[in-house]
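Single-structure report; data block below.
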Amino acid sequence: MTDLALRRAPADRERMLGLLQDYGVYAGVTVLILANIAFTPHFVSAENFRTQAVQVAPVLIVALGMALAIGSEGVDLSVGSVMALGTSLVSLYLGYGPWIALIVAMLGGAVVGLASGSLIAHIGVQPIVATLALMVAVRGIALVMLPQLKDVRDPGMASLGSGDLLGIPYLVLIAAALALLVGFTVRRTTFGRQLLAIGDSRPAAQLAGLPVRRVLILVYICSGVLAAIAGVLATARLQASDPTSLGNLMELSAITAVVVGGTPLSGGRIRVGGTVAGAVLIQLLTATLIKHDLPPSWTQIAQAVVIVLAVYAARERGKR
């Protein structure tokens, strides 16, 4: 092999790793869609596409908040428990009207995010430790508020969960609007630029005079609010509040969507479009395995494999 070929080999490998990290999720979604078209009966139908879109909406909303946390070089493991808290609060306050219940649920998510952000920003607790502690505590609080499954009987919630506008379900419209909002925030606002600077290098951001603590607290508040909204939407779709199971392992799905979408765990970068595609990939993967009569445990194994591959690609690319 010539010297020129030896010099080009690492560059070609880095280019391939970069393409895999940036566009691999879109290729994965395309492959899954084509495989389902070929091998899954009744996959190509308006009803199936509607079902998949509705089911992916809560995952996407949680993943958007997770993307903000990971972009700041952190993580939020409490999102599943915040969903459970949201469903408990909705059930308790629905008698005052669905809008009041939604606002109370969002406030609950904001309080959890404030607690996480304060532990991280002011006390210096590692994000994984702070949010792990709140994951356990918040789930317990949700179960104290609502110890068992409870049916949700409200016309407003029923309309939110099953209604549509011009054929597009409300849940999908809300998820799309939130994705656009987060994308705009990351790319076009001072808060977004500060967040990415902190994720890239927190010491440098502090030396530059950026409000590091305030930004970190706002990041986790946003994550908490988004998780609470996802909990409310899941409750509206299911027409039931179940803090025992709602949101279980949601943090795994959210992290998978974010990392596979090209957002590095090292922070400093957020790919909102990739996160959307990552959430779609997780939903299609889950639906494919279920439609072919494989147990749900295979979905978790597949997600773990996808995370390892995505992190490996990012790590190898970062070495160069």
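Positions are given from 1, in the same order as the sequence printed here.
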Identify the heavy atoms of [X] and [Y] that sit nearest to each other, and give their distance.
X: L134; Y: S116; result: CD1-OG, 2.8 Å
X: A228; Y: V82; result: N-CG1, 3.7 Å
X: V258; Y: A67; result: CG2-N, 3.7 Å
X: G273; Y: Y26; result: C-OH, 3.4 Å
X: Q52; Y: A287; result: OE1-CB, 3.3 Å
X: L246; Y: M83; result: CD2-O, 3.8 Å

How long is the span from the [atom1] atom in [X] to the [atom2] atom in [Y], to the nearest 0.5 Å?
X: L252; Y: L77; atom1: CG; atom2: CG; result: 10.5 Å
X: L160; Y: R237; atom1: CG; atom2: CZ; result: 11.5 Å
X: I270; Y: T263; atom1: CD1; atom2: OG1; result: 6.5 Å
X: L64; Y: L181; atom1: CG; atom2: CG; result: 9.0 Å
X: R214; Y: I221; atom1: CZ; atom2: CD1; result: 11.5 Å
X: S253; Y: Q283; atom1: OG; atom2: CD; result: 9.0 Å

Within-4.5 Å side-chain heavy-atom neighbours: [X] and [Y]:
X: D151; Y: Q239; result: no
X: T87; Y: L146; result: no
X: L68; Y: V186; result: yes
X: E73; Y: I198; result: no
X: M157; Y: V90; result: yes
X: Q55; Y: L171; result: no
X: V54; Y: P169; result: yes
X: P127; Y: Y220; result: yes

Looking at [X] and [Y], would you say the former's side chain and the latter's main chain have a donor-acceptor pair under 3.5 Å?
X: R139; Y: P243; value: yes
X: T275; Y: A257; value: no
X: S45; Y: N48; value: yes
X: T235; Y: G231; value: yes
X: T131; Y: D76; value: no
X: S88; Y: A84; value: yes

Checklist entry - Does atom CD of Q206 have more than 12 heavy-atom neighbours, drawn from other residues, nucleotides or ligands, at distances under 6.0 Å? => result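 More than 12 within 6.0 Å, yes.
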Next on the checklist: Can you confirm whether I128 is buried at CD1, in the sense that more than 12 heavy atoms of other residues, nucleotides or ligands lie under 6.0 Å from that atom?
Outcome noted: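 Incorrect, the count does not exceed 12.
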Same apolar cluster (I L V M F W Y, side chains within < 4.5 Å links), [X]/[Y]:
X: L173; Y: I229; result: yes
X: V182; Y: F191; result: yes
X: I61; Y: M250; result: no
X: V280; Y: I174; result: no
X: L114; Y: V138; result: no

Next on the checklist: Between V75 and M66, does the side-chain contact (heavy atoms from CB on, under 4.5 Å) criterion hold? Intermediate values first, please.
Outcome noted: CA-CA 7 Å; V75 71; M66 185 68 74; 3.9 Å; yes
Next on the checklist: Can you pull out every side-chain hydrogen bond (donor to acceptor under 3.5 Å, both in side chains) where at least one residue sits in residues 154-176? Sequence neighbours excluded, please.
Outcome noted: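 Residue pairs with at least one partner in residues 154-176: there are none.
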Checklist entry - After noting the C-alpha distance and the side-chain angles of V25 and R271, does the key distance pass the side-chain contact (heavy atoms from CB on, under 4.5 Å) rule? => result CA-CA 11 Å; V25 63; R271 287 177 57 89; 5.9 Å; no
Item to check | For F49, ring-ring contact (aromatic ring centres under 6.0 Å, His included) partners two or more places apart | outcome: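 F49: ring-ring contact (aromatic ring centres under 6.0 Å, His included) contacts with F43.
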Below 3.5 Å, can you tabulate the donor-acceptor pairs from side chains in residues 32-39 to any protein atom, sequence neighbours excluded?
| residue | atom | partner | partner atom | Å |
| --- | --- | --- | --- | --- |
| N36 | OD1 | T40 | OG1 | 2.7 |
| N36 | OD1 | T288 | OG1 | 3.2 |
| N36 | ND2 | L32 | O | 2.7 |
| N36 | ND2 | T288 | OG1 | 2.8 |

Item to check | Matching residue for P98 among L94, I100, L102 - test: side chain to side chain contact (heavy atoms under 4.5 Å, CB included) | outcome: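 Only match with P98 under side chain to side chain contact (heavy atoms under 4.5 Å, CB included): L94.
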